[in-house]
Amino acid sequence: MSEGRRKVLVVGGTGYLGQHLLQELGKPYDVAFTYHSATNPSASLLQALLPSPPRAFKLDLQTGEGLDLIADALGPPHVVVNCAAISAPRACEMDPAVAMATNIPSSLVKWLSSFGDFKPLLIHLSTDQVYEGVKSFYKEEDDAIPVNVYGKSKLAAELFISSNYSNYAILRSSIIYGQQSVSPVKKSLPIQWIDGVLSEGKDIEFFQDEFRCPVYVKDVVDVILRLIKKSIPNGEDMQLLLNVGGPDRVSRVQMAEAVAAIKGYDISLIKPVPAASVNRGVISPSDISMDISRLVEVLGISPVSFRDGVKLTLDVKDHV
């Protein structure tokens, strides 16, 4: 990495958001990323990042193994974006200890604190599931009372960062949706899954009483890019907490109805059911829609509507 350009390290660069971010970081920055899987990053990901693919480093976020090698190779980064987490709520319920050890970035914060007076900006991805889910349009200053292990682990991470580090931006993200990443991730992507099941022409049940503010992946990337530009190396520290969601509060039924309307599927296939009708092995908050007025004010960003985001995801163009 050159001395002239700011260095950006993406932790969890092979995940869904991490890949989309790496594709957009590009020339203004010297970029590196970490991965945790047993195999090296896929050729398709590296090919997409040509002509100057960033360096990849294996990292165990629980133990911090690999961080010293990154420091030796790159020196202190100016910005670290932490996209890594165990984000499946049921997996967190099954092994709370591992969820806490992974989702609380204690080794990462300790490493960032080791650079003396130089404090890299830490942009940390959190979740709307830190909220209890008993009202609509939560604001950042509302009480965070998570109801499941995933939410508890992410809130614990927020508190750990804010108590032990002085230069950070914490992003409480809703469901992130959008196009598949260049190296396809294993997890099911929400819009593609809905499109797939509706295309089969069979009745399918969707929850009618759980509400979120899904956010288009490229809007999340835009938020991160604006924060990187906003940060000043060796300048004033940032302590920022932002809700990162789309402008629309929607249920799973409304999400499915939007996909059906855009693709021309039979809306009668969508069968509304209460969330309590299915045992998912984890408590899920009912309404964790978020007020994003602070996001709009601080960064000047206007996330796309859910309907427009679905069109972009499925590459459906309006007929003129």
(message) Under 3.5 Å, is there a donor on one side chain and an acceptor on the other for Ser126 and Glu158?
(response) yes

(request) Verify the ring-centre separation between Phe118 and His78: is it less than 6.0 angstrom? (result) yes

(message) A side-chain contact here means heavy atoms from C-beta on lying under 4.5 Å apart; do Val273 and Gln208 qualify?
(response) no

(request) Kindly compute the distance separating OG1 (Thr127) from CD1 (Ile170), expressed to the nearest 0.5 Å. (result) 13.0 Å

(request) Apply the test salt bridge (charged side-chain N to carboxylate O under 4.0 Å, His left out) to residues Glu257 and Lys263: give CA-CA distance (whole Å), side-chain angles for both, the deciding distance (0.1 Å), then the verdict. (result) CA-CA 10 Å; Glu257 288 174 344; Lys263 292 295 292 284; over 6 Å; no

(message) Is it the case that the side chains of Arg6 and Ser231 hold a donor-acceptor pair, with the cut-off being a distance below 3.5 Å and no angle test?
(response) yes

(message) Under a 4.0 Å threshold between the charged nitrogen and the carboxylate oxygen, would Arg280 count as salt-bridged to Glu210?
(response) yes

(request) Please report the shortest heavy-atom distance between Leu227 and Ala169, naming the atom on each side. (result) CD1-CB, 4.0 Å

(message) Would you say that Ile175 contacts Arg252 through its side chain, given a criterion of any heavy-atom pair below 4.5 Å between the two side chains?
(response) yes

(message) Within the 4.5 Å heavy-atom criterion, are Leu225 and Glu24 side-chain neighbours or not?
(response) yes

(message) What's the separation between atom OG1 in Thr34 and atom CZ in Phe57, rounded to the nearest 0.5 Å?
(response) 10.0 Å

(message) In the structure I gave you, are the side-chain heavy atoms of Trp193 and Val197 within less than 4.5 Å of one another anywhere?
(response) yes

(request) Would you kindly say whether Gln179 and Tyr216 are connected by a side-chain donor-acceptor distance under 3.5 Å? (result) yes

(request) Heavy atoms only: give me the nearest Cys213-Arg249 pair and the separation to one decimal. (result) SG-CA, 4.0 Å

(message) Tell me which one of Val79, Ile228, Asp30 satisfies side-chain contact (heavy atoms from CB on, under 4.5 Å) with Leu25.
(response) Ile228

(message) If you define the side chain from C-beta out and look only at heavy atoms, does anything of Met238 sit under 4.5 Å from Lys230?
(response) yes

(request) Output the distance between atom CZ (Phe137) and atom OH (Tyr131), rounded to the nearest 0.5 Å. (result) 13.0 Å

(request) For residues Val10 and Cys83, report the shortest heavy-atom separation together with the two atoms involved. (result) CG1-SG, 4.3 Å

(message) What I want to check is whether the side chains of Tyr265 and Asp195 have a donor and an acceptor closer together than 3.5 Å.
(response) yes

(request) Work out which heavy atom in Ser136 is nearest to a heavy atom in Ser289; give both atom names and the distance. (result) CA-OG, 3.4 Å

(request) Count the heavy atoms belonging to other residues, nucleotides or ligands that lie under 6.0 Å from NZ of Lys110, then report whether that count exceeds 12. (result) no

(message) Using 0.5 Å steps for rounding, measure from the CG atom of Leu22 to the OG atom of Ser183.
(response) 11.5 Å

(message) Quick one, Asp117 with Lys119, criterion salt bridge (charged side-chain N to carboxylate O under 4.0 Å, His left out). Give me CA distance, side-chain angles, the key distance, then yes/no.
(response) CA-CA 6 Å; Asp117 292 336; Lys119 298 292 184 187; over 6 Å; no

(message) Measuring only between side-chain heavy atoms, which start at C-beta, is Leu67 closer than 4.5 Å to Leu59?
(response) yes

(message) Could you check whether any side-chain heavy atom of Trp111 comes within less than 4.5 Å of a side-chain heavy atom of Ile70, counting everything from C-beta outward?
(response) yes

(request) Could you walk me through whether Lys218 and Asp222 pass salt bridge (charged side-chain N to carboxylate O under 4.0 Å, His left out), step by step? (result) CA-CA 6 Å; Lys218 292 188 178 181; Asp222 190 21; over 6 Å; no

(message) Is a donor from one side chain sitting under 3.5 angstrom from an acceptor on the other, for Tyr150 and Arg90?
(response) no

(message) Ring centres under 6.0 Å, that's the criterion: do Tyr177 and Phe306 meet it?
(response) yes

(request) Report yes if the side chains of Lys152 and Asn148 come closer than 4.5 Å at any heavy-atom pair, otherwise no. (result) no

(request) Kindly confirm or rule out a cation-pi arrangement of Lys135 over Tyr138, judged by NZ or CZ under 6.0 Å from the six-membered ring centre and within 45° of its axis? (result) yes

